[in-house]
Each structure stands twice: as structure tokens, then as C-alpha cells.
6 protein chains.
Amino acid sequence: MKVSARNLIPGKVKEITVGAVNSEVIIEVAPGIEVVSIITKRSVEDMGLKKGSAVKAMVKASNVMIVTD
Amino acid sequence: MKVSARNLIPGKVKEITVGAVNSEVIIEVAPGIEVVSIITKRSVEDMGLKKGSAVKAMVKASNVMIVTD
Amino acid sequence: MKVSARNLIPGKVKEITVGAVNSEVIIEVAPGIEVVSIITKRSVEDMGLKKGSAVKAMVKASNVMIVTD
Amino acid sequence: MKVSARNLIPGKVKEITVGAVNSEVIIEVAPGIEVVSIITKRSVEDMGLKKGSAVKAMVKASNVMIVTD
Amino acid sequence: MKVSARNLIPGKVKEITVGAVNSEVIIEVAPGIEVVSIITKRSVEDMGLKKGSAVKAMVKASNVMIVTD
Amino acid sequence: MKVSARNLIPGKVKEITVGAVNSEVIIEVAPGIEVVSIITKRSVEDMGLKKGSAVKAMVKASNVMIVTD
């Protein structure tokens with residue numbers, strides 16, 4: 001399977017907070033570096049995500065902004 | 001300055017492709033790991049971005065999807 | 001600090017509704033004109049947002065659509 | 001017609017830059033205050049947008065971030 | 001009314017799940033084919049959406065990714 | 001492979017317009033019904049997309065708005 005989204009960062013699920021509709025999934029992508037994702041509660045269930053799951057964080061390039069000091 | 005966006009990943013600009021309206025900025029965030037950003041041509045100019053610039057890639061958590069094998 | 005997002009509108013927080021994962025923040029940007037933002041509950045806490053806080057609403061240009069009558 | 005997007009800001013088109021695929025539309029929403037939108041070239045054509053057109057900038061609430069000093 | 005968003009798919013609301021801030025709306029766009037939308041709880045109320053409502057799902061073209069096998 | 005994005009609509013590429021940075025891909029998902037996607041030029045090349053390619057349009061649920069008459 002190929003996907004047009006240009007950013008795929010591998011990591012491990014560190015923490016999941018579940019709401020009525022959405023869930024917050026914290027992914028550790030390197031020691032001490034986290035990526036936070038908000039996906040639907042149903043996606044968390046359908047994918048069987050839990051603490052420790054090996055995942056990739058995926059981001060479309062048009063959703064990446066740039067910041068400088 | 002504080003920002004609500006939960007994901008800020010530091011890196012260095014590796015390559016910039018400029019179009020009439022948008023630009024593609026490739027950021028090296030770790031050896032061999034890149035993050036791609038599409039921002040406006042004018043932002044690249046206003047921020048003075050060029051190869052080697054120290055930047056942070058910023059992503060709102062609601063724009064992060066999750067993929068598993 | 002410089003950011004690539006082209007739209008920054010100053011205002012004051014008028015109302016915050018907190019959910020388990022996300023929060024709705026209503027910002028008054030001019031008398032009677034409001035901008036609504038959905039950010040994570042944790043961002044509201046980390047930034048210490050409350051009614052009356054001076055903030056800026058920030059939007060990436062690629063997320064602005066146009067409507068005509 | 002009703003739309004779920006919570007943010008609709010009226011203004012006038014001030015400037016349009018056209019690329020091969022996308023266009024940048026600058027909208028003046030108040031004296032000296034601009035909102036920038038990136039939409040497809042074809043939408044600009046289909047809507048007949050030009051300098052001076054009365055429009056509304058529309059943004060889904062989940063695409064609004066918050067910044068503080 | 002004209003809108004710059006290029007994708008408008010007609011359907012009928014099949015199911016609504018309401019959270020404190022957001023709601024999940026499942027729209028049946030063809031027999032057995034569903035489109036899922038996350039909008040604010042307040043938009044669901046303001047628009048009077050309920051099971052069976054005739055709606056259109058609207059997506060900005062820059063938010064559509066492509067996948068191949 | 002599983003992905004958290006809730007919307008995956010199969011179709012065939014009908015037309016591709018290439019810019020310096022982005023490309024517009026028109027996908028026919030049913031006779032006379034099209035979905036338009038803006039992805040990077042490089043994604044079009046990397047995926048080998050061309051007229052007639054079998055693809056799926058993918059949209060995160062939080063990027064789907066709702067419109068009523």
C-alpha cells in the first residue's frame with residue numbers, strides 16, 4: 001500500500017485518553033520525544049490500539065507549519 | 001510565546017522548492033529522517049528560510065493520523 | 001518567534017467548554033465578532049487559558065475557504 | 001444554506017496570485033486586517049473571484065489554533 | 001451561495017454520537033457507503049441535524065489524500 | 001495495513017494537473033461524481049499516478065464539514 005501523505009514517523013503508543021467521540025493518543029517516536037494525535041474513539045477501537053502498540057504517525061505535508069526563534 | 005499546537009519537532013532545512021504560490025520545505029529532523037512541509041512562497045520569504053536554517057516543524061494534533069501494519 | 005501560518009487575529013477568550021479530550025474556545029476578536037477554536041483540553045491547561053485571556057487565533061492559509069452569496 | 005463551519009468572516013478580495021494549481025487570495029476583513037486563503041485556481045475561476053469581490057473567509061473550528069505571548 | 005471547497009457529496013444522516021464538545025455524524029452517501037464527519041456539538045444543534053436529515057458532506061481538496069494498493 | 005482515517009472512497013484517476021509543488025488529481029468515484037485532491041507533485045511521481053490508475057481518496061473525519069439547504 002502506498003499513500004500520498006509525505007510524513008510517516010514510527011513510534012510506540014505511550015498513552016491513550018478516551019472521550020465520547022475523540023481520543024488523544026500520545027506516541028513516543030524517540031526517547032523523550034512525543035507526537036500527539038487526535039483520532040476518533042472508534043478508530044482506536046477498530047485498530048486495537050493500546051499502550052505499547054507499534055504505530056506510525058502520519059501527517060499530510062500541507063498540515064505542517066514552520067516556526068523559527 | 002506559547003502555542004496550542006502540540007507537536008513541535010526541531011530540525012534543519014535541507015531543501016526548498018518554490019512554486020508560484022506554495023513552497024515545499026524539506027526538514028531533516030534526525031539523520032536520515034525528514035519532515036516535509038508545504039507553506040506559502042511568501043512565508044518562506046518573510047521568514048528568510050534557506051538551506052541550513054534551524055526551524056521547528058509544527059503540527060496540530062488533530063492533523064496527525066495513525067497507521068499500523 | 002516567527003511562524004509560517006499567515007493568519008493571526010488578536011482577541012480575548014469569551015468562553016471555554018471543556019470535554020474529555022478537546023475544548024471549545026470562543027474568542028471575541030471585535031465587538032460582536034467571534035472566532036471559535038477547538039484545541040485539546042491539555043493545551044487549554046498548559047497555556048492557562050481562561051475567560052478574559054488575551055490570545056491570538058492562528059490559522060494556516062490552506063485551511064481558509066471562501067464563500068460568496 | 002447552512003454550514004457546520006463555525007467561522008465566517010466577511011471581507012473584500014484585495015489581491016489574487018494565481019499558480020498552476022493553487023491561488024493565494026488576500027481578503028481585507030477590516031481596515032489594515034487581512035486574511036489569506038489558499039484555494040485551487042479552478043475555484044477562483046468557477047467563483048469568478050476578482051479584486052473587490054465581496055466574500056466570506058470560512059474556517060472549520062478544528063483548524064483554529066491559539067497563541068499567547 | 002458558492003463555496004471554494006471542491007468536494008460536496010449528498011447523503012442522509014444515519015447516526016449521530018454527541019460528546020461534550022464534538023459530535024460524530026455518519027452520513028450514508030450510497031447504499032452501504034458511509035462518510036464520517038466530526039463537527040462541533042453546537043453545529044449539530046444549530047443546524048438541527050438528526051437521523052434522516054438530507055445533507056452534503058463537504059471537503060476542501062487540500063484535505064484529500066490518495067492511497068493505492 | 002490499517003489507518004485511522006475513517007473515509008476511504010475507491011475510484012479511478014480521471015485527470016492530473018501538475019504544478020511546481022502541488023498537483024490536482026481528479027478522481028471519478030462513480031459515474032459523473034468526482035472527488036478532487038491536492039497532493040504534492042512528488043507524491044504523484046512516487047506513486048506513479050496517471051490517468052486510469054485505481055486509487056482510494058482518503059479523508060480524516062475531522063476534515064469533513066456538513067452543509068444543508
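We use all heavy atoms of the structure for the numbers below, so side chains are in, but hydrogens, waters and symmetry mates are not. Here is how names work: the chains are called A, B, and so on, in the same order as the sequence lines, proteins then strands, and each is numbered from 1. In this text, all values refer to a predicted model and were calculated from it rather than measured experimentally.
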Could you give the distance from CG (Asp69(A)) to NZ (Lys56(B)), rounded to the nearest 0.5 Å? 5.0 Å

Quick one: what part of Ile33(B) sits under 4.5 Å from any heavy atom of chain A, side chain, backbone, both or neither? neither

Pick from Val35(A), Ile39(A), Leu49(A), Val3(A) with the largest number of heavy-atom pairs that fall under 4.5 Å of chain B: Val35(A)

Among residues 8-20 of chain B, which residues come closer than 4.5 Å to chain A, judged by heavy atom distances? Leu8(B), Ile9(B)

What part of Val44(A) lies closer than 4.5 angstrom to a heavy atom of chain B: side chain, backbone, both or neither? neither

Given Met58(A) and Ile66(B), is the side-chain contact (heavy atoms from CB on, under 4.5 Å) satisfied, shown in steps? CA-CA 6 Å; Met58(A) 179 170 70; Ile66(B) 296 180; over 6 Å; no

In terms of heavy-atom proximity below 4.5 Å to chain B, should Asn63(A) be classed as side chain, backbone, both, or neither? both

Is the closest side-chain heavy-atom distance between Val64(A) and Val25(B) below 4.5 Å? no

Here the gap from Met65(B) atom CE to Ile38(A) atom CD1, rounded to the nearest 0.5 Å, amounts to 13.5 Å

Do Glu24(A) and Arg6(B) have side chains that get closer than 4.5 Å, going by heavy atoms? yes

Considering only heavy atoms, which portion of Ala54(B) lies under 4.5 Å from any heavy atom of chain A: side chain, backbone, both, or neither? backbone

Against chain B, label Asn22(A) side chain, backbone, both or neither, depending on which of its atoms sit under 4.5 Å from a heavy atom there. neither

Ranking Ala61(B), Ser62(B), Ala57(B), Gly48(B) by heavy-atom pairs under 4.5 Å to chain A gives rank one to Ala61(B)

